[in-house]
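Computed from heavy atoms alone, side chains included, the values below leave out hydrogens, waters and symmetry copies. Not measured: the values here are computed from a predicted model.
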Protein chains: 2
Amino acid sequence: MPADDRRLQPRRKPSQVRAELTRERILTAAAHVFAEHGYAAGTTNRIAERARISIGSLYQYFPNKDAILAALLIQHIDRGAWAQADRLDLSPGSLKATVRALVRDAIDHHRDDPRLLRIMIEEAPLSQELLDTIDSHQKLRVAQVRDLLARHPDVRVRDLDTAANLINFTVEINTHRLMADPHAPAVETFESELIDMVTRYLAGSE
Amino acid sequence: MPADDRRLQPRRKPSQVRAELTRERILTAAAHVFAEHGYAAGTTNRIAERARISIGSLYQYFPNKDAILAALLIQHIDRGAWAQADRLDLSPGSLKATVRALVRDAIDHHRDDPRLLRIMIEEAPLSQELLDTIDSHQKLRVAQVRDLLARHPDVRVRDLDTAANLINFTVEINTHRLMADPHAPAVETFESELIDMVTRYLAGSE
DNA sequence: CACTATTGTGAGTAATAGCTCAGGTCTTTG
DNA sequence: CAAAGACCTGAGCTATTACTCACAATAGTG
């Protein structure tokens with residue numbers, strides 16, 4: 001798979017409002033279709049149909065199917081869903097309170113559409129470009145968490161980087177599962193246990 | 001997607017040795033092809049080519065492509081990779097030792113071929129039958145872990161079921177990531193931190 | 001060896017997907 | 001208002017895929 005840089009570039013830059021509107025219709029339609037049918041079965045024709053535009057129009061704004069999912073992912077990232085950890089700094093209470101804020105934050109990220117998010121994460125044909133974008137955001141997030149931990153007096157772990165990595169991923173993925181799994185345990189129960197686990201880990205009492 | 005019971009049944013039962021051999025060639029070839037190309041791009045023709053048999057033969061043993069992945073998954077499960085937790089009972093040492101055994105166990109499950117396992121988990125078109133099989137195994141595993149926790153004097157958590165669920169998933173998924181992610185942190189570091197997190201959670205010192 | 005059952009072959013089929021293009025409609029502009 | 005350009009349409013092209021079938025080769029049996 002060669003990383004062709006132009007594979008995800010839009011074909012035309014909308015200049016009129018109606019064009020921008022069409023572009024958005026395509027994206028929202030795609031979000032629904034992918035969420036409902038999955039990526040493979042979420043055909044471009046279906047997307048066009050749902051968006052109530054012709055396939056031709058679709059291909060004026062997106063050079064190929066992959067580019068649509070990519071745009072969806074970028075949109076998700078740019079909306080700040082993954083990197084709004086700044087406000088966590090504003091809650092300097094107990095360690096547990098901080099962790100709780102972290103977990104709540106993660107849950108908020110997944111409220112929109114867990115099914116779509118799952119597909120974006122698991123089925124998306126990730127180009128090198130996209131992978132890099134995601135990776136850098138991930139790194140940023142981990143760094144933020146790391147700094148947060150560094151500033152907190154109660155945190156006692158061997159290695160801050162590893163700890164930040166571990167808890168970030170653990171919180172993220174558990175939340176992900178919680179929202180996506182149909183027969184998952186109750187939200188509140190699971191949330192409090194998750195918070196406890198992370199808190200106790202960070203507190204470091206052996 | 002209707003859950004057609006016959007969708008995954010083999011088309012012919014091998015009676016001669018060479019037939020059984022062919023069946024195995026197909027499965028190993030499929031494992032390689034899926035691991036390398038993913039499920040969608042892992043075409044049946046490619047599998048047949050790699051197995052050095054004709055597509056016709058392939059379809060004599062598997063009614064469709066999905067059935068091949070299903071067989072691979074069943075194979076993986078039947079090899080006991082997901083439910084050999086019995087031996088954990090044999091390590092009645094400290095809580096940390098028990099947890100360590102749990103984590104090591106998980107790591108062993110993923111040694112074979114993380115890439116293939118990822119595809120089986122994330123891309124497999126899971127029929128209801130398969131889903132049920134997996135689910136029951138999962139439940140069994142969680143129950144085993146639950147009993148393990150129940151028997152250990154140092155475990156202090158609000159709800160054993162939730163705890164078993166949480167740590168089982170967390171250990172599993174973190175291991176999964178550890179093995180699959182190319183630029184993941186060092187194994188030993190991550191392992192010990194993961195063990196600490198779970199242990200401290202279970203010990204329950206607030 | 002002769003006959004049958006089992007196993008193997010691979011060109012070909014049907015279905016479907018992603019995507020194009022010739023031509024139409026709507027907006028803007030001078 | 002008319003020309004130019006932006007935008008939209010959808011039948012259909014091309015490529016690919018899962019899968020079939022008529023036949024050939026091989027193994028078992030008496």
Starting at atom [atom1] of [X], determine the distance to atom [atom2] of [N], rounded to an integer number of angstrom.
X     : N      : atom1 : atom2 : answer
A:N45 : C:dG18 : CG    : C1'   : 8 Å
A:I53 : D:dC7  : CD1   : C1'   : 11 Å
B:Q60 : C:dT9  : CD    : P     : 10 Å
B:I47 : D:dC19 : CD1   : P     : 11 Å
B:K65 : D:dC19 : NZ    : P     : 9 Å
B:Q16 : C:dT4  : CD    : P     : 17 Å
A:R23 : D:dC7  : CZ    : P     : 13 Å
B:N64 : D:dT17 : CG    : P     : 17 Å

Are A:R23 and A:L27 close enough that some pair of their side-chain heavy atoms sits under 4.5 Å apart?
yes
Side-chain N,O ([X]) to OP1/OP2 ([N]) below 4.0 Å:
X     : N      : value
B:T22 : C:dG8  : yes
B:S54 : C:dG10 : no
A:S57 : D:dT9  : yes

Between B:R52 and A:A40, which has a closest nucleotide on DNA chain C that is more 5'?
B:R52
5'-most contact on DNA chain C: B:A19 or B:G56, nearest heavy atom basis?
B:A19
Please confirm whether the backbone N or O of [Y] pairs with a side-chain atom of [X], one donor and one acceptor, at under 3.5 Å?
X      : Y      : answer
B:H110 : B:A106 : yes
A:R200 : B:A203 : no
B:R115 : B:A35  : yes
B:R25  : B:A51  : yes

Would you indicate what A:T43 reaches in the nucleic acid, counting non-hydrogen atoms under 4.0 angstrom: base, sugar-phosphate, or nothing?
sugar-phosphate
Nearest to the side chain of B:Y59, which nucleotide is it out of C:dC19, D:dC8, D:dA18?
D:dA18
